[in-house]
Amino acid sequence: MPVSTPAATLLWFRKDLRLDDNHALQAALDRGNPVIPVYIRELEDAGTGPLGAAQAWWLHYSLANLSKALEKLGSRLILRQGAAEKVLRALIEETGADAVHWNRRYDPAGMAIDKEIKAALRADGLQAVSHAGFLLHEPSKVETGAGGPFRVYTPFWRALEKQGDPPPPVDAPKHWHNPTQWPKSERLADWHYLPTKPNWAVEFDSVWTPGETSAHQRLKQFIDRGIRNYKSQRDFPSLPHTSGLSPHLALGEISPARIWHATIGLGDDVGTDDYVHFRKELVWREFSYHLLYHFPNLSSRNWNARFDSFPWKTDSASLTAWQRGETGYPIVDAGMRQLWRHGVMHNRVRMITASFLIKDLMIDWREGEAWFRDTLVDADPASNAASWQWVAGSGADASPFFRIFNPITQGEKFDPEGAYVRKFVPELAKLPNKLIHRPFDAPSDVLTAAGITLGKTYPKPVVDHAKARNLALEAFKHMGGKG
DNA sequence: TTGATTTTTTA
DNA sequence: AAAAAATCA
């Protein structure tokens with residue numbers, strides 16, 4: 001490197017695959033030196049957990065998208081794989097960079113890695129700076145009056161309300177400071193993020209477009225249309241009143257601050273209840289990270305240790321039936337098939353299907369957590385673990401009683417016309433509304449007329465809900481300790 | 001972010 | 001008789 005060339009800055013992209021409201025990016029550009037963007041495919045044994053197959057699909061396109069956006073600014077996205085520190089050091093060596101900037105992550109293993117890297121680089125006289133942006137507020141700055149972590153959602157929400165709005169988002173840069181020479185990059189295709197399993201994920205792109213541009217389009221569409229009546233309609237899986245932003249958030253294609261600020265100053269036609277309720281959902285994500293921050297084992301250990309003695313069943317046939325959407329309960333099967341086909345499941349249905357696995361089949365919530373992690377495009381280590389534990393009853397803010405969702409009444413309540421079931425379980429499409437959620441109660445002539453043979457064209461229920469419910473209640477009662 | 005059952009209200 | 005509200009788990 002000639003002496004006259006200012007030393008470059010490495011901009012380390014992780015779960016912040018965006019140019020908009022990216023504080024690390026701004027800080028890197030503000031130095032005025034050439035900025036070299038890099039994405040590192042970290043080793044799985046680094047402890048950051050395996051990348052789910054559905055999210056790998058998303059990541060592939062997201063990286064391609066970010067790469068293109070950078071190219072428009074004359075920049076590039078350098079791809080490397082290996083242990084993060086080793087890769088960064090190699091790049092520093094190759095480019096003569098004297099600084100590394102990144103946005104913080106909040107999974108325990110990731111935090112540990114970053115802490116070590118920061119200390120090691122600084123010890124060598126390099127600039128190593130981390131920035132906020134993945135959450136609305138830093139978890140280290142949110143605590144109860146007594147100085148501990150929150151265990152219940154509502155007080156957590158109040159505490160965040162007190163903190164006020166997150167900092168206003170910063171727009172994407174219009175110019176880049178480019179180096180005269182670029183380090184080598186690996187090829188995205190060689191990382192084999194796209195699925196190899198035949199006939200899976202083929203419909204993902206009919207529902208999703210990964211990338212920052214699409215994230216902003218989703219947000220605009222939601223603010224223009226979906227958020228109206230959000231509070232009353234968000235629970236109906238056949239209605240377009242969810243934001244669809246979760247997979248974009250999961251990989252940081254859009255910042256929560258950007259979303260939060262988009263809900264400020266909405267017109268009168270969007271009720272206060274509606275946007276406040278939407279913000280509450282954003283804050284559930286925040287609460288999940290709060291829990292993970294204070295309880296690093298959230299995805300592997302019961303948050304409430306009383307559940308350690310729960311008599312989980314090992315039943316691979318039932319687990320498979322659940323995964324395939326062949327339980328014989330239409331709303332459960334519709335949800336599981338939506339997950340398989342589209343890499344997503346409506347929130348209400350996530351609760352119903354999770355409750356079914358845990359309470360009706362008495363299968364360990366960790367089996368469900370693992371399945372969702374692998375098949376959801378929005379798989380998030382905090383939200384996924386916290387939500388599964390919430391449904392199990394072992395998590396934070398779980399009710400003092402043993403909540404068991406009734407798959408029939410939940411279906412009838414939230415999918416009254418059966419539109420959702422008909423879409424994902426087409427073999428039941430011809431059943432009348434009254435029986436669409438309970439084909440096992442249908443008279444034989446109605447089944448015949450609908451072209452259904454139970455046990456053949458559609459499965460008989462794997463368990464009787466009423467009986468399964470009693471067994472689960474019994475097991476719950478006999479758990480040791482106090483609830 | 002519930003369910004089942006009992007009690008009360010309304011048609 | 002059915003729907004809504006209250007209650008308890």
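Here is how names work: the chains are called A, B, and so on, in the same order as the sequence lines, proteins then strands, and each is numbered from 1.
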#### Entry: Whole angstrom value for the distance that separates P of dT1(B) from NZ of K231(A)
10 Å
#### Entry: Separation of dG3(B) P from I331(A) CD1 (nearest whole Å)
12 Å
### Query
So, do F401(A) and dT2(B) meet the stacking rule of ring centres under 5.5 Å and planes under 30°?
yes
### Query
Starting at NE2 of H277(A) and ending at C1' of dT1(B), how long is that distance when rounded to a whole Å?
7 Å
### Task
Could you label the plane-to-plane angle of the F310(A) and F307(A) rings as parallel, tilted or perpendicular, counting under 30° as parallel and over 60° as perpendicular?
parallel
### Task
Starting from C1' on dT1(B), measure out to NZ on K413(A) and report it in whole angstrom.
10 Å
### Query
To the nearest Å, how far apart are R469(A) CZ and dT5(B) P?
7 Å
### Message
Check D308(A) with R301(A), please: is the shortest side-chain N to carboxylate O separation under 4.0 Å?
### Response
yes
### Task
Grab the CZ-P distance between F476(A) and dT2(B) for me, whole Å please.
17 Å
### Query
Does some side-chain heavy atom of H23(A) sit less than 4.5 Å from a side-chain heavy atom of D21(A)?
yes
### Lys/Arg-Asp/Glu bridge criterion (N-O < 4.0 Å) met for D364(A), R366(A)
yes
### Query
Think N406(A) has a side-chain N or O under 4.0 angstrom from the OP1 or OP2 of dT2(B)?
no
### Query
Between dA9(C), dG3(B), dT1(B), which one does the side chain of Q410(A) approach most closely?
dG3(B)
#### Entry: Proximal nucleotide (of dT1(B), dA4(B), dT2(B)) relative to the E281(A) side chain
dT1(B)
### Query
Rounded to whole angstroms, how far apart are CZ on R403(A) and P on dA4(B)?
13 Å
### Query
Starting at CD of E412(A) and ending at P of dG3(B), how long is that distance when rounded to a whole Å?
12 Å
### Query
Nearest of dT2(B), dT1(B), dA4(B) to any side-chain atom of H465(A)?
dA4(B)
